[in-house]
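I have placed the structure first, in the form of structure tokens, so that the comments after it can refer back to it.
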Protein chains: 2
Amino acid sequence: MAHTQRSEMAFARRQRILEAAAEVFAERGFSGAGVNEIARRAGVNKAMLYYHVGDKQKLYEEVVLGFLTQVHHQVRVGIAKAATPVDKLAAVHRAILELALERPNYPRIMLRELSLGGANLPPEVFRQMASLFATTREVVEEGMAAGQFRRVEPVIAHILLIGSVVFFANALRLRDRLGAAGAQLPGLDTVLQAAAQITHILLHGLAAPGQEGVVP
Amino acid sequence: MAHTQRSEMAFARRQRILEAAAEVFAERGFSGAGVNEIARRAGVNKAMLYYHVGDKQKLYEEVVLGFLTQVHHQVRVGIAKAATPVDKLAAVHRAILELALERPNYPRIMLRELSLGGANLPPEVFRQMASLFATTREVVEEGMAAGQFRRVEPVIAHILLIGSVVFFANALRLRDRLGAAGAQLPGLDTVLQAAAQITHILLHGLAAPGQEGVVP
DNA sequence: GTTAGAATCAACCGTGTGGTTAGACCAACT
DNA sequence: AGTTGGTCTAACCACACGGTTGATTCTAAC
């Protein structure tokens, strides 16, 4: 296993580099991030970035793609565990939300990338997005067919689901500065409680007339 | 009025510079934007940026603040014209939405700034945000007092209102690339129609049980 | 023990950046 | 005509950036 040990070390290095990259990209954005700083935080020489991963662009793509596939995976797991369309959609929302809170770097990156129109992203990332969208679309259509959801364009539901999470996760970081600016801020006991309110409002909003009771 | 003409010219120049700046900041973000390009697009010498407005930072602040105050103004106008809390909240949503669609540069900037945690923004901008938030808070609380809205933390409603618009406006730009990646995309006749669906879902979701009928 | 190749590093390079400056231009007033 | 002060420009600068290179160390296999 000697050879394996070596490549395991290399793999670990690669992971450290990608994590550091995610951190810096999240904090400063693609243009704002410096490969020097990424290297510094990963504790490796700059040339190692190019050796193990690639140039700045490649670094970025790797980070984004890694996150997207993870989200999609979790979403599918969530759906598989749920029974009704409403539960499934709630599961989708929660899966995204939990990942967003657990790994706060990523919503930041996604948000910024959205505002750039995906300028820094390769087609593969869009394929992954499209695939995630297809998943939620299925759920929404199933729910409409079952009469649980009102008739909406699935893409709208998708946008609301994802958007609310990403926006919310990012907004959390403004709290302190908004408070300092005089905003009268929440008596939110926990972040998760606030998130639950969001899920509830969205599902309630999507419920077909007379079906509001189905929403947990 | 000779002197006035001169300063009017200067004012116009300033506006052109700020518009160009908004454009470039929207396309490339704060770090990605170059003062050279801003100057080029504004059709002025680079040094004029520093003369008329200030450094890159100041340029950015001016752009963001200008937009925020405009939003807040429109929101207030919308509220003033509406009667019931539901109508007022719908008006808030529409005001933000219309501005976002009309001046697409700004949602992009705001989104990116959100993901940066307002790193590039001065306290005054946060004061403006807090003030806007206070406005919607009033409406939400009025609606809850009147029994039209379910009990929610106003900040949640605020986030959903703003977030959905900003996210939606930005998502529009992904359409083509997502379509090319195989996403089955909307039969949305018009953008406004999609937006109306969003407003409807949110208001419906916020409506108190039994009050869903009040939503237009 | 030697060797091939993976992994690492310090030093370097060209380019493009934000920002500055010294002065030219020009309209308006004395 | 001369002076002033707002407006504008070309040229410049220091520097940080992304990226590369060539040499060097480490390790595993023969």
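Note on naming: letters A, B, ... go to the chains in the order of the sequence lines (proteins, then strands), and numbering restarts at 1 for each one.
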Aromatic ring proximity B/F30/B/Y60, centre distance under 6.0 Å: yes
Under the salt bridge (Lys or Arg N to Asp or Glu O under 4.0 Å) test, residues paired with A/R28 that sit two or more places apart: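 For A/R28, the residues satisfying salt bridge (Lys or Arg N to Asp or Glu O under 4.0 Å) (neighbours in sequence not counted) are A/E37.
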With B/E138 via salt bridge (Lys or Arg N to Asp or Glu O under 4.0 Å) - residues at least two apart: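 Residues passing salt bridge (Lys or Arg N to Asp or Glu O under 4.0 Å) with B/E138: none at all.
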Whole Å only: how far is the [atom1] atom of [X] from the [atom2] atom of [N]?
X: A/I38; N: D/dA16; atom1: CD1; atom2: P; value: 18 Å
X: A/R40; N: D/dA16; atom1: CZ; atom2: P; value: 14 Å
X: A/R13; N: C/dA7; atom1: CZ; atom2: P; value: 11 Å
X: B/R28; N: C/dG18; atom1: CZ; atom2: P; value: 12 Å
X: B/I17; N: C/dG18; atom1: CD1; atom2: C1'; value: 16 Å
X: A/F11; N: C/dA6; atom1: CZ; atom2: P; value: 19 Å
X: B/M48; N: C/dC25; atom1: CE; atom2: P; value: 15 Å
X: B/R14; N: D/dC8; atom1: CZ; atom2: P; value: 13 Å

N or O in side chain of A/H52 less than 4.0 angstrom from C/dA6 OP1/OP2: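 A/H52 to C/dA6 OP1/OP2: no side-chain N or O under 4.0 Å.
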A/N36 side chain near D/dA16 phosphate (N/O to OP1/OP2, under 4.0 Å): no
B/Q184 atom CD: more than 12 heavy-atom contacts under 6.0 Å: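 Count not over threshold, so no.
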Chi angles and distances behind the side chain to side chain contact (heavy atoms under 4.5 Å, CB included) call for B/H72, B/Q128: CA-CA 8 Å; B/H72 199 176; B/Q128 190 62 237; 3.1 Å; yes
Nucleic acid footprint by protein, nucleotides 20-25 of chain D - heavy-atom cut-off 4.0 Å, B for base, S for sugar-phosphate alone: BB----
A/R41 and A/E27 ion-paired at < 4.0 Å: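 Yes.
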Working for side-chain hydrogen bond (donor to acceptor under 3.5 Å, both in side chains), residues B/S115 and A/R108: CA-CA 5 Å; B/S115 85; A/R108 302 178 72 172; 5.8 Å; no
Listed nucleotide nearest any side-chain atom of A/Y51, set C/dG19, C/dA6, D/dT7: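 Of C/dG19, C/dA6, D/dT7, C/dA6 is nearest to the side chain of A/Y51.
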Sugar-phosphate only, base, or nothing, as touched by A/A33 at under 4.0 Å among non-hydrogen atoms: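 Sugar-phosphate only.
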